[in-house]
Amino acid sequence: MGFLDNYRKYKKFFREGKRIVNDPFFTQAQIATRKELKKEPSRTEIINFFIKTLSGTKYLEIGVRNPDHNFNKIACENKYSVDPGLEFKENPATFKMTSDVFFGKLRSETLTIPSNIQFDVIFIDGLHTADQVEKDLQNSLQYLSKDGVIILHDCNPPTEFHQRECFNFKNSPAKHNWNGTTWKAYYKFRHEPSLYSACFDTDWGVAVLSRKQFPAFNALEKIENRYFGYDILQNNRTRHLNLLDFNVWKNKL
Ligand SMILES: C[S@@+](CC[C@H](N)C(=O)[O-])C[C@H]1O[C@@H](n2cnc3c(N)ncnc32)[C@H](O)[C@@H]1O
């Protein structure tokens, strides 16, 4: 390749790069990411809070990746985890399989744990697509103790780019940060009259659903976002997600 060809090629890269660096969608998404990463407490603290409050003895985590980031920090007598090992080669999960296979085996009594097990806290953080999260929620409800809670990660995407469907698209303004479409399944289940829920505004949105009504937990009556549009979420975020500050909520208990 001659000098002129190289010059044209690098000039094109420079123009493209400049366009991206100065694009307000990119700068705003990066500001939103930095803001989210500063929020406290972490999902781990919230999970441990509920285990302690409920005097829970059985914890299940769906989607573990590196257990040092959350699972190993959970204080509970009996802990179980499910992960097919897509993102962390070592995959030390208790059950090395997808959540669908896990619940199928649990139902058909082919696991080492009893098929009538009742978990006190189930943390759903596996495949972040609305369809899969809906299945994980439905299955988890069958194995949840009477006063137990289901905790869902990534329910409060700060921009539409964080809630993109495609995990592998890293050239997005949100870069590699990905909440997926989990919030859509959470929003849908907020209309289930037998469940109460809230989403703590920290760590990308830590939502909690339960049959028991904790203070300030509620349900939605009317579906106002039929097509799960991001703009509608953005304009009604606090009410549609029941977004709460965890520390304020905890201090009122
Ligand atoms: C976001 S990471 C989990 C992070 C972890 N819970 C934490 O708090 O640090 C998502 C994990 O879900 C796993 N995963 C992907 N598809 C899954 C499925 N169908 N069932 C269960 N886990 C799945 C991936 O292998 C990955 O390890």
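Numbers for residues simply follow the sequence, beginning at 1. In this text the structure is predicted, and so the values were computed from the model without any measurement. Atoms within a ligand are numbered from 1 in the order they appear, just like the ligands themselves.
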Exercise. Do any nitrogen or oxygen atoms of D125 lie less than 3.5 angstrom from nitrogen or oxygen atoms of ligand 1?
Worked result: yes

For this session: Could you verify whether a donor N or O on one side chain and an acceptor N or O on the other, from S99 and Q132, lie under 3.5 Å apart?
Result: yes

For this session: Just do the side chain to side chain donor-acceptor pair (under 3.5 Å) check on T129 and T181 with the steps written out, would you?
Result: CA-CA 5 Å; T129 60; T181 47; 5.4 Å; no

Problem set entry | K79 side, atom NZ; K58 side, atom NZ - distance, nearest 0.5 Å | 15.5 Å

For this session: Note the single closest protein heavy atom to atom 16 (N) of ligand 1, along with its residue, its atom name and the distance in Å.
Result: L127 CB, 3.6 Å

Exercise. Considering distance alone, does some N or O of I62 sit under 3.5 Å from an N or O of ligand 1?
Worked result: no

Exercise. Quick one: which ligand 1 atoms are inside 4.0 Å of a heavy atom on F123?
Worked result: 6 (N), 8 (O)

Exercise. Quick one: side chain to side chain donor-acceptor pair (under 3.5 Å) pairs with a partner in residues 198-218, sequence neighbours left out?
Worked result: K39-D201, R43-D203, H153-D203, N156-D201, R190-N218, N218-N242

For this session: Would you please say whether a donor-acceptor pair under 3.5 Å links the side chains of N78 and T57?
Result: no

Exercise. Would you say D83 has any N or O atom under 3.5 Å from an N or O of ligand 1, going by distance alone?
Worked result: yes

Exercise. What atoms in ligand 1 come closer than 4.0 Å to a heavy atom of N70?
Worked result: 7 (C), 8 (O), 9 (O)

For this session: Verify the ring-centre separation between Y196 and F217: is it less than 6.0 angstrom?
Result: no

For this session: Tell me which part of T44 gets within contact of ligand 1: side chain, backbone, both or neither, using heavy atoms under 4.0 Å.
Result: neither

Problem set entry | Proximity flag F102 to ligand 1, non-hydrogen atoms under 4.0 Å | no

Exercise. Between E45 and S42, do the side chains contain an N or O donor and an N or O acceptor separated by less than 3.5 Å?
Worked result: yes

Exercise. So which of I232, N236, L220 actually passes side-chain contact (heavy atoms from CB on, under 4.5 Å) with Y187?
Worked result: L220

For this session: May I ask you to identify the nearest protein heavy atom to atom 9 (O) of ligand 1, giving residue, atom name and distance to one decimal place in Å?
Result: R43 NH2, 3.1 Å

Problem set entry | Geometric N/O contact S99 with ligand 1, under 3.5 angstrom | yes

Exercise. Atoms of ligand 1 less than 4.0 Å from E61 heavy atoms?
Worked result: 5 (C), 6 (N)

Problem set entry | The one among S81, P67, S42, P84 that brings a heavy atom closest to atom 14 (N) of ligand 1 | P84

Problem set entry | Atoms in ligand 1 with a heavy atom of H69 nearer than 4.0 Å | 9 (O)

Exercise. At what distance, to the nearest 0.5 angstrom, does CD of Q118 lie from CG of L144?
Worked result: 7.5 Å

Exercise. Does any N/O atom on T98 come nearer than 3.5 Å to any N/O atom on ligand 1?
Worked result: no

Exercise. At a 4.0 Å threshold, what atoms of ligand 1 neighbour a non-hydrogen atom of L86?
Worked result: 15 (C), 16 (N), 25 (O)

